[in-house]
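Below you'll find the structure, written out as structure tokens, and then a few comments.
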Amino acid sequence: MAISVKDALSKTAPVPSVAVQGWVRTRRDSKDFSFIELNDGSSLGNLQIIARDSLENYADVQRLTTGSSVRVEGELVASQGKGQQWELVARKIDIVGRADDSYPLQKKGHTPEFLREIAHLRPRSNLFGSVFRVRSRLAFAIHQFFQERGFVYVHTPIITGSDCEGAGELFRVTTLDLKNPPKTKEGLVDQTKDFFARSTYLTVSGQLEAEAFACALSKVYTFGPTFRAENSNTSRHASEFWMIEPEMAFTDLNGDMDLAEQLVKYLVYAIQSNSEEELQLFAKFVDKDLISRLDFVVERPFQRITYTDAVDLLKKSGEKFEFPVEYGLNLQSEHERWLTEKHFKSPVTVFNYPKEIKPFYMRTNDDGKTVTAMDLLVPGIGEIVGGSQREERLDVLEKNLRDHKMDLADYKWYLDLRRYGTVPHSGFGLGFERMLMFVTGVSNIRDVIPFARTPGSAEF
RNA sequence: UCCAGAGUAGCUCAGUGGUAGAGCGGUCGGCUGUUAACCGAUUGGUCGUAGGUUCGAAUCCUACCUCUGGAGCCA
């Protein structure tokens with residue numbers, strides 16, 4: 001029965017007989033034996049194997065190359081050398097699969113750009129193995145956070161009929177024959193002949209459906225894939241990404257901002273306390289300031305500022321911005337960066353935005369000019385959370401829909417939530433990959449997704 | 001989609017009009033309880049693609065492709 005490399009490395013006493021299996025990271029010959037560094041992805045560290053020339057297949061072992069897979073049985077003993085506590089003196093080495101000399105991963109460092117081209121092999125590198133272990137741990141922490149607080153996990157649909165938020169291009173889902181689609185009398189494509197008897201898309205957000213469940217189960221969250229067909233070519237956007245969307249009944253914007261802040265802090269703390277080895281690697285090779293920044297985020301309260309005050313602050317900053325700062329305009333990346341990186345030097349929640357620049361479902365404030373929107377901005381990445389208190393008043397919501405030139409009939413079920421026992425409720429979306437970028441310091445979203453989908457790129 | 005930069009050996013790069021290079025890697029040999037070992041030898045190329053200018057193009061021009069950084073859209 002084989003144990004993991006991680007388990008072997010964490011033993012507190014020698015073990016007369018163990019087996020491990022994994023991939024050869026590197027091999028060095030000594031006079032009458034060979035060192036093999038074995039990794040199985042269970043941890044960052046490798047297990048050093050001592051292969052003596054008395055092994056019956058020693059000639060084959062000496063030809064083992066980086067990337068080969070092996071199973072090793074032997075005795076775990078205290079290492080004679082420096083640099084590792086334990087090593088495994090092999091009694092038997094089974095060569096499971098060889099890797100020829102075209103194996104692209106070297107012992108030396110590779111650029112993330114090169115590794116991105118070999119997305120099927122990059123999890124075998126230290127950096128990407130660490131990123132994806134942390135990704136898994138972060139996903140787990142998200143469920144922990146919400147489950148500990150009594151939230152119900154809701155699976156909202158991935159195929160959706162509503163392009164509700166109107167924000168962003170959608171991926172169409174269809175089984176119609178593109179070369180010869182059924183036509184209406186008017187010569188248009190007849191959507192009623194499609195699989196769902198209507199046009200359907202991949203979801204851009206589970207929010208509206210989550211609202212329905214919040215108005216029944218009180219506190220819910222979604223955590224699943226999300227799709228945007230935007231032609232965005234940046235280090236922070238992907239066509240397929242994962243999003244966490246909590247939704248809480250009987251909760252106003254303050255409660256919403258509180259939850260967002262607690263969640264971000266909880267997630268950072270979870271990675272600090274469970275993925276220390278990986279964080280050290282990121283701090284060494286990816287982002288020198290990572291450790292101190294994460295400490296800072298956990299320790300200090302986030303800044304909160306209204307949109308109006310943020311605009312004033314930016315105007316008075318004396319900073320020369322490329323884009324104008326004016327009430328009624330969206331904050332640009334450079335403005336957000338100034339707030340988080342230069343002025344407050346911490347995460348900042350900006351709230352109460354002008355209604356004109358926000359979607360229809362956000363609750364109108366008493367001033368009639370602003371809506372209860374909030375964006376949580378973090379240094380280095382920008383917007384990581386976007387949320388709001390939802391408009392719970394039927395008449396106001398209907399007016400908003402009309403003002404946005406949207407068809408009320410398409411939102412009948414959504415309006416029903418306000419018609420039958422409406423409640424103030426709030427929620428937000430947290431970009432999972434952006435959070436992962438924040439805790440790892442990895443600066444390109446393509447490098448925190450196992451097989452990234454971006455415009456013009458869906459290989460693998 | 002817009003702006004800027006880059007594409008030369010498996011990787012990282014030098015070469016800016018006149019014979020295609022280095023380090024690393026790989027391979028072979030030597031040495032050695034080694035740690036991104038060390039020493040020697042060796043291997044390695046459609047210079048992104050297609051045109052053009054020129055006696056001659058990796059180098060200059062045009063178009064396209066890909067990647068990177070920034071912007072917009074946002075998570």
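Numbered from 1 within each chain, the chains take letters A, B, ... in sequence-line order.
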Legend entry - Modelled atom types, side-chain donor and acceptor of A:S43 and A:E277, under 3.5 Å: no
Inset, instruction - Give none if B:rC13 has no partner; otherwise give the nucleotide forming a Watson-Crick or G-U wobble pair with it, both distances under 3.5 Å. - result: B:rG21
Legend entry - Closest contact, heavy atoms only, A:Y361 versus A:L397: CA-CD1, 4.3 Å
Inset, instruction - For B:rU16 versus B:rC47, give the span between their C1' atoms, rounded off to a whole number of Å. - result: 14 Å
Legend entry - Separation of atom CD1 in A:I357 from atom P in B:rC73, rounded to whole Å: 10 Å
Inset, instruction - Return the value, rounded to whole Å, for the distance between atom CD1 of A:I381 and atom P of B:rC74. - result: 18 Å
Legend entry - P atoms of B:rC13 and B:rG17, separation to the nearest Å: 23 Å
Inset, instruction - Sort out the partner of B:rA6 for me: Watson-Crick or G-U wobble, both distances under 3.5 Å, none otherwise. - result: B:rU66
Inset, instruction - Record whether the side chain of A:H237 comes under 3.5 Å of the base of B:rC74 through a donor-acceptor pair of N or O atoms. - result: yes
Legend entry - Who pairs with B:rU59 - Watson-Crick or G-U, where each distance is under 3.5 Å: none
Inset, instruction - Tell me what A:S235 touches on the nucleic acid: a base, only sugar-phosphate, or nothing, going by heavy atoms under 4.0 Å. - result: sugar-phosphate
Inset, instruction - Evaluate the ring planes of A:Y411 and A:Y414, with Trp represented by its six-membered ring, and classify them as parallel (under 30°), tilted (30 to 60°) or perpendicular (over 60°). - result: perpendicular
Legend entry - Rounded interatomic separation in angstrom, taking CZ from A:R236 and C1' from B:rA71: 9 Å
Inset, instruction - Ignoring hydrogens and angles, state whether a donor on the side chain of A:S388 or A:R390 is under 3.5 Å from an acceptor on the partner side chain. - result: yes
Legend entry - Salt-bridge contact A:R133-A:E278 (side-chain N to carboxylate O under 4.0 Å): yes
Inset, instruction - Find the distance A:F323:CZ to B:rA71:C1' and express it as a whole number of Å. - result: 6 Å
Legend entry - Among B:rA71, B:rG69, B:rU27, the one nearest A:N444 by side-chain distance: B:rG69
Inset, instruction - Please check if the side chain of A:Y307 supplies one atom and the backbone of A:G328 the other of a donor-acceptor pair under 3.5 Å. - result: yes
Inset, instruction - Could you tell me which non-hydrogen atom of A:W86 sits nearest to which non-hydrogen atom of A:A13, and how far apart they are? - result: CH2-C, 3.4 Å
Inset, instruction - Mind calculating the distance between CZ (A:F432) and C1' (B:rC74) to the nearest angstrom? - result: 18 Å
Inset, instruction - Could you check whether A:R25 gets within reach of a base, just the sugar-phosphate, or nothing at all, counting any heavy atom under 4.0 Å? - result: nothing
Inset, instruction - Would you check if there is a donor-acceptor pair between the side chains of A:E230 and A:H237 at a distance under 3.5 Å? - result: no
Inset, instruction - Return the nearest nucleotide to the side chain of A:R337; candidates are B:rA75, B:rG33, B:rG70. - result: B:rG70
Inset, instruction - Could you give the distance separating B:rU59 and B:rG48 at their C1' atoms, to the nearest angstrom? - result: 15 Å
Legend entry - Comparing A:R446 and A:I384 on RNA chain B - which has the more 5′ nearest nucleotide: A:R446
Legend entry - Interatomic distance at C1', B:rA14 relative to B:rG23, whole Å: 10 Å
Legend entry - Nucleotide opposite B:rG40 in a Watson-Crick or G-U pair, distances under 3.5 Å: B:rC28
Legend entry - C1' atoms of B:rU34 and B:rG15, separation to the nearest Å: 38 Å
Legend entry - Euclidean distance for P, B:rC31 against B:rG40 (whole angstrom): 15 Å
Inset, instruction - Scan nucleotides 1-9 of chain B nucleotide by nucleotide, 5' to 3', and note B when protein non-hydrogen atoms come under 4.0 Å of the base, S if they reach only the sugar-phosphate, - if neither. - result: B--------
Inset, instruction - Determine the contact category for A:F33: base if any of its heavy atoms lies under 4.0 Å from a base atom, sugar-phosphate if only primed atoms, P, OP1 or OP2 are that close, otherwise nothing. - result: base
Legend entry - Contact summary for A:L279 and A:V439, nearest pair of heavy atoms: CD2-O, 3.3 Å
Inset, instruction - Please state the C1' separation for the pair B:rG26 and B:rA9 - nearest whole angstrom. - result: 12 Å
Inset, instruction - Give a yes-or-no answer on whether the side chains of A:T200 and A:R172 include a donor-acceptor pair shorter than 3.5 Å. - result: no
Inset, instruction - Using atom CG of A:N330 as one end and atom P of B:rA75 as the other, report the distance to the nearest whole Å. - result: 11 Å
Inset, instruction - Return the value, rounded to whole Å, for the distance between atom NE2 of A:H335 and atom P of B:rC74. - result: 16 Å
Legend entry - Pairing nucleotide - B:rU34, Watson-Crick or G-U, each distance under 3.5 Å: none
Inset, instruction - Would you tell me whether A:D40 and A:S4 have side-chain atoms, one donor and one acceptor, within less than 3.5 Å of each other? - result: no
Legend entry - Between A:N254 and A:D256, a side-chain donor and acceptor under 3.5 Å: no
Inset, instruction - Identify whether any heavy atom of A:S102 sits under 4.0 Å from a base atom; if not, whether one sits that close to sugar-phosphate; answer base, sugar-phosphate or nothing. - result: nothing
Legend entry - Letter per nucleotide, 5' to 3', of nucleotides 34-48 of chain B [B base touched, S only sugar-phosphate touched, - untouched; heavy atoms, 4.0 Å]: BBBS-----------
Inset, instruction - Measure the distance from CG on A:L138 to P on B:rA75 and round it to the nearest whole Å. - result: 18 Å
Legend entry - Distance test, side-chain N/O of A:Q106 to OP1/OP2 of B:rG26, below 4.0 Å: no
Legend entry - C1' spacing across the pair B:rC24 / B:rA36, given as an integer number of angstrom: 10 Å
